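Here is the structure we will look at, set down as structure tokens.
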Amino acid sequence: MATYFKLGPGATTLGSSLSLALVGVGHLVGLAVGIAMLVGVVISYLILLPILTGGEGLGDPATLMDTVDSVFSGRIRFIGVGTMAIAAIWTLIKITGPIAKGMAESFASSRDRKGGQQVAVEERDIPAPYVIGTILVLMIPIGLLLWNFVRGTDIHDHMAVLITVSVLFTLLVGLIIASVCGYMAGLIGASNSPISSIGIIAVIAAALIIAAVTRGTDAEPLSLVAYTLFTAAIVFGIATISNDNLQDLKTGQLVGATPWKQQVALIIGVLFGSLVIPPILQVMLTGFGFQGMEGAGEDALAAPQAALMSSVASGIFDNSLPWDLIGLGAAIGAVIIIVDECLRHFTDKYSLSPLAVGMGMYLPAAITIVVPIGAFLGYFYNRWAARQSKPDFAKRMGTLLATGLIVGESLFGVVNAGIIAASGGDSPLEIFEGGTAAKFVGVILFVAGIAAAYKWTAKKAAS
């Protein structure tokens, strides 16, 4: 649900969605991240968008809507890219030391175990030589995947150089991204890990390298864009797996688990995930489709990050990437980084996450605004939990509620997509045909559902 209106010299848009999953995400990421995302919304939607749409002839409502949408997708999002990129680079710089220390400790533990020394249970990882060997061996199936993607296409003649570059890129950049995302997930949770911003940097780097090695050839730019995104998808797979697995390992560390046993279980989980995810995605594609794809309808699933990364890659290959907008975003990000560092230095409880601000700038407001709502709900719930006789238990109950909201909506989405795909209808479970009445009823049920869920959880936590 979104509304478009004039503001200052131009116009803007604001909206929201009835997503219980985003409420759960907000509860988990916390108030600081929620406020930072709101700051991003203010920068993009209440400052930049009205300025950049000024003087565009906004008298007609349809023109106003088209202008706002085109300016947001064509300009504002690239400013957000710059903000997230500089924030991700800063995060990488800050955590280089801890990552290097952790890797050194892992190698030292492996040497001690090989030498017959007894090490703590929490330090018993799968030996580093096995891990490195497995990584190198896995470059073979990755190369085969890339070969299968390229063969028979108009860039087939450039296969050797493209696959070599992509395999080396996956190996080197994948290791860096796995370290960064994994470390952040273990430190502050998977919901706060900077996968989107790191991914944008990976897409830019991959596109620049592939464009450089194919410059002067007859390679079709559109095919190179597709190949770049396929390479980036492999790196994204590495990032998401490290994100989830490191959070599991951090949990194991807190309860004194043996890491190598967890790691074996996680490897099995990755194998099963690779079997389960493709058919689920196919069901989602058949049932809903994805925005921007051919044949996508009104209920198509939003994919703002994917669309943005496609635009970034295309801009690099056709030399149309607005580096001035990215530079402006980087400057905004630099200011936010300074503000965040000052808050952290002079206070103990305030911060302004640059990554979260960047996400608030480039994601649609309908997605972004719900997360802070969940963050405020989580804040007030945790304050209530702190006054209970068993505050830790009460807080954990809230965490389980938030997790359930995320998982529940995700599972229902898959089930609903399956029903739609099987019935061949657009909305077989539809009760209201849409319009103002349906939105009004939806908001009432949404608020009532959240209130009932938190009330039930509080009752259980108190008892």
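Heads up: numbering here begins at 1 and tracks the sequence. Small disclaimer: the values here were computed from a predicted structure and weren't measured.
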Taking it one step at a time, do Phe169 and Val235 satisfy side chain to side chain contact (heavy atoms under 4.5 Å, CB included)? CA-CA 9 Å; Phe169 181 83; Val235 176; 3.9 Å; yes
Answer yes or no: is there a side-chain heavy-atom contact under 4.5 Å between Leu136 and Leu171? yes
Could you check whether any side-chain heavy atom of Phe78 comes within less than 4.5 Å of a side-chain heavy atom of Leu321, counting everything from C-beta outward? yes
Please name the pair of heavy atoms, one in Leu401 and one in Ala453, separated by the smallest distance, quoted to 0.1 Å. CD1-CB, 3.8 Å
Pairwise side-chain contact, Val213 with Thr164, heavy-atom cut-off 4.5 Å (strictly under): no
Student check: side-chain heavy atoms of Met361 and Ile332 closer than 4.5 Å: yes
Whether Ser44 side chain and Val41 backbone form a donor-acceptor pair below 3.5 Å: no
Out of curiosity, Ile280 CD1 to Leu275 CG, how far, rounded to the nearest 0.5 Å? 11.0 Å
Restricting to non-hydrogen atoms, name the atom on Ile177 and the atom on Ala239 that form the minimum distance, rounded to 0.1 Å. CG2-CB, 3.4 Å
Can you sort out the partners of Tyr45 under side chain to side chain donor-acceptor pair (under 3.5 Å), two or more places apart, ordered by chain and number? none
When you measure from the side chain of Arg77 to the backbone N and O of Tyr362, does any donor-acceptor pair fall under 3.5 Å? yes
Is the CG atom of Leu222 crowded by more than 12 outside heavy atoms at less than 6.0 Å? no
I want to check something: taking the side chain as every heavy atom from C-beta on, are Leu48 and Ile43 in contact at a cut-off of under 4.5 Å? yes
Rounded distance (nearest 0.5 Å) linking atom OG1 of Thr228 with atom CD1 of Ile316: 8.0 Å
Report the residue from Leu405, Leu18, Ile406, Leu28 that forms a side chain to side chain contact (heavy atoms under 4.5 Å, CB included) with Val23. Leu405
Evaluate side chain to side chain contact (heavy atoms under 4.5 Å, CB included) for His27 paired with Thr403, printing each intermediate quantity in order. CA-CA 9 Å; His27 184 124; Thr403 304; over 6 Å; no
Once rounded to the nearest 0.5 Å, what's the spacing between atom CG of Leu175 and atom CD1 of Ile238? 7.5 Å
Take atom CG of Leu208 as the centre, draw a 6.0 Å sphere, and report whether it contains more than 12 heavy atoms from other residues, nucleotides or ligands. yes
Minimum-distance pair of heavy atoms, taken over all atoms of Asp340 and Ser351: OD1-CB, 3.4 Å
Could you check whether any side-chain heavy atom of Pro354 comes within less than 4.5 Å of a side-chain heavy atom of Ile86, counting everything from C-beta outward? no
The test is side chain to side chain contact (heavy atoms under 4.5 Å, CB included); show your working for Leu52 and Phe72 and say whether it passes. CA-CA 9 Å; Leu52 295 179; Phe72 179 77; over 6 Å; no
Donor-acceptor contact below 3.5 Å, side chain Ser353 vs main chain Ala356: yes
Under a 4.5 Å cut-off applied to non-hydrogen side-chain atoms, are Val71 and Leu49 in contact? yes
Can Ser19 and Phe446 be said to form a side chain to side chain contact (heavy atoms under 4.5 Å, CB included), step by step? CA-CA 8 Å; Ser19 172; Phe446 180 74; 5.6 Å; no
Checking the side chain of Ser166 only, and the main-chain atoms of Thr231 only, is there a donor and an acceptor separated by less than 3.5 Å? no
Throw together a table of side-chain donor-acceptor distances under 3.5 angstrom for residues 363-373, partners on residues two or more places apart or in other chains.
residue, atom, partner, partner atom, Å
Thr368, OG1, Pro364, O, 3.0

Please name the pair of heavy atoms, one in Ser314 and one in Asp318, separated by the smallest distance, quoted to 0.1 Å. O-OD1, 2.8 Å
Shortest non-hydrogen contact from Gly10 to Thr53? CA-OG1, 3.5 Å
Gln282 side chain near Leu285 side chain, heavy-atom distance below 4.5 Å: yes
Could you tell me the separation between the CD atom of Glu220 and the OG1 atom of Thr214, rounded to the nearest 0.5 Å? 11.5 Å
Rounded at 0.5 Å granularity, tell me how far CG in Leu20 sits from CZ in Phe412. 11.0 Å
About how many Å separate CG of Asp69 and CD1 of Ile76, when rounded to the nearest 0.5 Å? 12.0 Å
Any idea how Tyr227 and Phe149 line up, ring-wise: parallel (<30°), tilted (30 to 60°), or perpendicular (>60°)? tilted
Over all atoms of both residues, closest heavy-atom pair of Gly74 and Leu325: O-CD1, 4.1 Å
